[in-house]
Enquirer: 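For reference, the structure I am asking about is given below.
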Amino acid sequence: MPATPSPRTPSWPPKSAPRLFVERELADGGRVELDGNAAHYLARVMRVSLNDIVVLCDDVTGEWAARVVAAGKRSVSLEVVERLREREAVPDLWLCPALLKKDRFDLVLEKATELGAARIQPVLTRRCVADKLNLDRARTLTVEAAEQCARTALPELEAPVKLDALLRDWPAERALFFADEEGGEPVRNAFSPGSAAILIGPEGGFDDAERAAIRAHPQARPISLGPRILRGETAAIAALSAWMVLAGDWRG
């Protein structure tokens, strides 16, 4: 007679386990007390109860399984029980996108997080339609994107800077790939592993003076993203994807 199949071992952690980034550094056996939006999400939306598992990330040590030890309407207590993964290695790539309209820049923040940018440095140019960024809201968007994609690392998110300040203070060891709608080196020839950044313009592009200042910078390398004109958010996503394929961690 054929052997009786054994019960399937439940996955660990459960695939349905909620995922959250927390601000404190995690360690085996540690206690995590959540309130505010995080507690509301776990208690009211996910309806966790005693002994349920929650996956926590701290952007420092990696990803941990934590067990619910108390769940109220306004607070949830968890005990860290096991590290699941170390914090992922992130290629040393910065994205420097000009500010766009709110919904379009939201897309840039979300996709840059998913694609693995190490830092997002928004830039203010003369043709930017937007001139302000709500950093708290922007950080929330990047955290949510990382949670949804099971990432264990968050991009550094900086306050917007003017283009002239960005160029003035640019680190000498970091290549600055400038997506120039007027043409440049094909990315397949330009991109190579190492410390790098990609500069993307606003809806109306860089003006002539800005383009000249960028091209005159010793670290700048004009690149072409192909034969078609791309909107700012599309250019950012396309350039990041191309860099990851040609010089980043998609090569493996």
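Computed from a predicted structure; not experimentally measured.
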Enquirer: Would you check if there is a donor-acceptor pair between the side chains of E33 and S77 at a distance under 3.5 Å?
Expert: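 A pair is found: one side chain offers a donor N or O, the other an acceptor, under 3.5 Å apart.
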
Enquirer: Please lay out, stage by stage, how K111 and E233 fare under the test salt bridge (Lys or Arg N to Asp or Glu O under 4.0 Å).
Expert: CA-CA 9 Å; K111 300 310 175 186; E233 67 273 23; over 6 Å; no

Enquirer: Can a donor-acceptor pair be found, under 3.5 Å and without considering hydrogens, that links the side chain of D52 to the backbone of S49?
Expert: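 Yes, the answer is positive, given that a donor and an acceptor are paired below the 3.5 Å cut-off.
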
Enquirer: Is E82 salt-bridged to R67, cutoff N-O under 4.0 Å?
Expert: no

Enquirer: Applying side chain to side chain contact (heavy atoms under 4.5 Å, CB included), run through V90 and R151 and close with a yes or a no.
Expert: CA-CA 11 Å; V90 178; R151 292 205 55 200; 3.8 Å; yes

Enquirer: Is the count of non-hydrogen atoms from other residues, nucleotides or ligands lying under 6.0 Å from R83 atom CZ greater than 12?
Expert: yes

Enquirer: Could you see if I198 belongs to whatever hydrophobic cluster contains W250? Use Ile, Leu, Val, Met, Phe, Trp, Tyr and a side-chain cutoff under 4.5 Å.
Expert: yes

Enquirer: Please indicate whether L50 has more than 12 foreign heavy atoms, meaning atoms of other residues, nucleotides or ligands, lying under 6.0 Å from its CG.
Expert: yes

Enquirer: Within the structure provided, determine whether L42 and P18 are in side-chain contact (heavy-atom separation under 4.5 Å).
Expert: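 In short, these two side chains touch, coming nearer than 4.5 Å.
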
Enquirer: Tell me the closest heavy-atom pair linking L154 and A146, and the distance in Å.
Expert: CD2-CB, 3.5 Å

Enquirer: Any Lys/Arg nitrogen of D59 or R87 sitting under 4.0 Å from an Asp/Glu carboxylate oxygen of the other?
Expert: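 Yes, D59 and R87 are salt-bridged.
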
Enquirer: Would L225 and V187 count as a side chain to side chain contact (heavy atoms under 4.5 Å, CB included) here? Give the steps.
Expert: CA-CA 7 Å; L225 295 177; V187 293; 3.9 Å; yes

Enquirer: If you round to the nearest 0.5 Å, how far is SG of C57 from CG of L26?
Expert: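 Nearest 0.5 Å value for the CG-SG distance: 8.0 Å.
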
Enquirer: Is any NZ, NE, NH1 or NH2 atom of the basic residue among R119 and D92 found under 4.0 Å from an Asp or Glu carboxylate oxygen of the other?
Expert: no

Enquirer: Out of curiosity, R85 CZ to T61 OG1, how far, rounded to the nearest 0.5 Å?
Expert: 12.0 Å

Enquirer: Do W64 and L34 share a hydrophobic cluster (ILVMFWY, side-chain heavy atoms under 4.5 Å, transitive)?
Expert: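 As far as the 4.5 Å side-chain criterion goes, L34 and W64 are connected within one cluster.
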
Enquirer: Between R231 and E203, does a salt bridge (Lys or Arg N to Asp or Glu O under 4.0 Å) hold up when you go through it step by step?
Expert: CA-CA 6 Å; R231 286 171 27 160; E203 283 97 335; over 6 Å; no

Enquirer: For atom CZ of R188, is the number of surrounding heavy atoms from other residues, nucleotides or ligands below 6.0 Å larger than 12?
Expert: no

Enquirer: Go through R137 and K102 one step at a time and tell me if the side chain to side chain contact (heavy atoms under 4.5 Å, CB included) criterion holds.
Expert: CA-CA 11 Å; R137 179 179 177 277; K102 181 179 175 181; 3.2 Å; yes

Enquirer: Working to the nearest 0.5 angstrom, can you tell me the gap between E181 CD and F206 CZ?
Expert: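 Answer for the CD-CZ pair, E181 versus F206, is 7.5 Å.
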
Enquirer: Under 3.5 Å, is there a donor on one side chain and an acceptor on the other for S75 and D35?
Expert: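 S75 vs D35: no donor-acceptor pair found between side chains.
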
Enquirer: Test of understanding: clusters of I, L, V, M, F, W, Y form through side-chain heavy atoms closer than 4.5 Å, transitively. Do V161 and L99 belong to the same one?
Expert: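 No, V161 and L99 fall in different hydrophobic clusters.
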
Enquirer: About how many Å separate CD1 of I120 and CG of L109, when rounded to the nearest 0.5 Å?
Expert: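 These two atoms lie 5.5 Å from each other.
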
Enquirer: Counting heavy atoms not belonging to N134, are there more than 12 under 6.0 Å from its CG?
Expert: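 Atom CG in N134 is crowded, with more than 12 foreign heavy atoms closer than 6.0 Å.
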
Enquirer: Please check if the side chain of D58 supplies one atom and the backbone of G62 the other of a donor-acceptor pair under 3.5 Å.
Expert: yes

Enquirer: Do you know which two heavy atoms are closest between A117 and L240, and how far apart they sit?
Expert: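 Shortest heavy-atom contact: CB-CD2, 4.2 Å.
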
Enquirer: Is a side-chain N or O of T234 found less than 3.5 angstrom from the main chain of L230, in a donor-acceptor match?
Expert: no

Enquirer: Should V32 and V54 count as side-chain neighbours, where that means a heavy-atom distance under 4.5 Å?
Expert: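 No; the side chains remain at least 4.5 Å from each other.
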
Enquirer: What I'd like to find out is whether the side chain of E114 reaches to under 4.5 Å of the side chain of Q148, using heavy atoms alone.
Expert: no

Enquirer: Strictly by modelled atom types, are E88 and T152 linked by a side-chain donor-acceptor pair under 3.5 Å?
Expert: yes

Enquirer: Verify, without hydrogens or angle tests, whether R139 (side chain) and L157 (backbone) share a donor-acceptor contact under 3.5 angstrom.
Expert: yes

Enquirer: Does R215 form a salt bridge (Lys or Arg N to Asp or Glu O under 4.0 Å) with E210? I'd like the steps, not just the answer.
Expert: CA-CA 9 Å; R215 282 181 169 265; E210 290 172 332; over 6 Å; no

Enquirer: Test salt bridge (Lys or Arg N to Asp or Glu O under 4.0 Å) on R127 and D207 and set out the steps.
Expert: CA-CA 7 Å; R127 292 177 177 168; D207 67 19; 5.3 Å; no

Enquirer: Verify the ring-centre separation between W170 and W94: is it less than 6.0 angstrom?
Expert: yes

Enquirer: What I'd like to find out is whether the side chain of L20 reaches to under 4.5 Å of the side chain of V55, using heavy atoms alone.
Expert: no

Enquirer: Any chain of hydrophobic side-chain contacts (each under 4.5 Å) joining I200 to V108?
Expert: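 They do share one cluster, since a chain of ILVMFWY contacts under 4.5 Å joins I200 to V108.
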
Enquirer: Side chain of R221, backbone of F178: donor and acceptor closer than 3.5 Å?
Expert: no

Enquirer: Verify side chain to side chain contact (heavy atoms under 4.5 Å, CB included) between D208 and R211, making sure each step is shown before the conclusion.
Expert: CA-CA 5 Å; D208 291 342; R211 181 175 290 103; 3.7 Å; yes

Enquirer: With rounding to the nearest 0.5 angstrom, report the CD to OG distance, E173 to S195.
Expert: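 Reported value, rounded in 0.5 Å steps: 6.5 Å.
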
Enquirer: Any side-chain heavy atom of L163 within less than 4.5 Å of one from L199?
Expert: yes

Enquirer: Distance from E158 atom CD to L166 atom CG, nearest 0.5 Å?
Expert: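 The CD atom of E158 sits 11.0 Å away from the CG atom of L166.
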
Enquirer: If two hydrophobic side chains count as joined below 4.5 Å and joins carry through other members, does F191 share a cluster with M244?
Expert: yes

Enquirer: Does a side-chain heavy-atom distance below 4.5 Å link P186 with S224?
Expert: no

Enquirer: If you compare all heavy atoms of Q219 against all heavy atoms of P171, which two are closest, and at what distance to 0.1 Å?
Expert: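 Minimum heavy-atom contact is CG-O, 4.1 Å.
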
Enquirer: At their closest point, which heavy atom of A98 faces which heavy atom of F105, and how far apart are they?
Expert: O-CE1, 3.6 Å

Enquirer: Determine the minimum heavy-atom distance between P193 and A247, stating which atoms define it.
Expert: N-CB, 3.6 Å

Enquirer: Is there a side-chain contact between D103 and K101, using heavy atoms and a 4.5 Å cut-off?
Expert: yes

Enquirer: Provide the closest heavy-atom pair for A153 versus F21 in the form atom of the first, atom of the second, distance.
Expert: N-CZ, 4.1 Å

Enquirer: Using a 4.5 Å cut-off on heavy atoms from C-beta on, say whether the side chain of E63 contacts that of R19.
Expert: yes

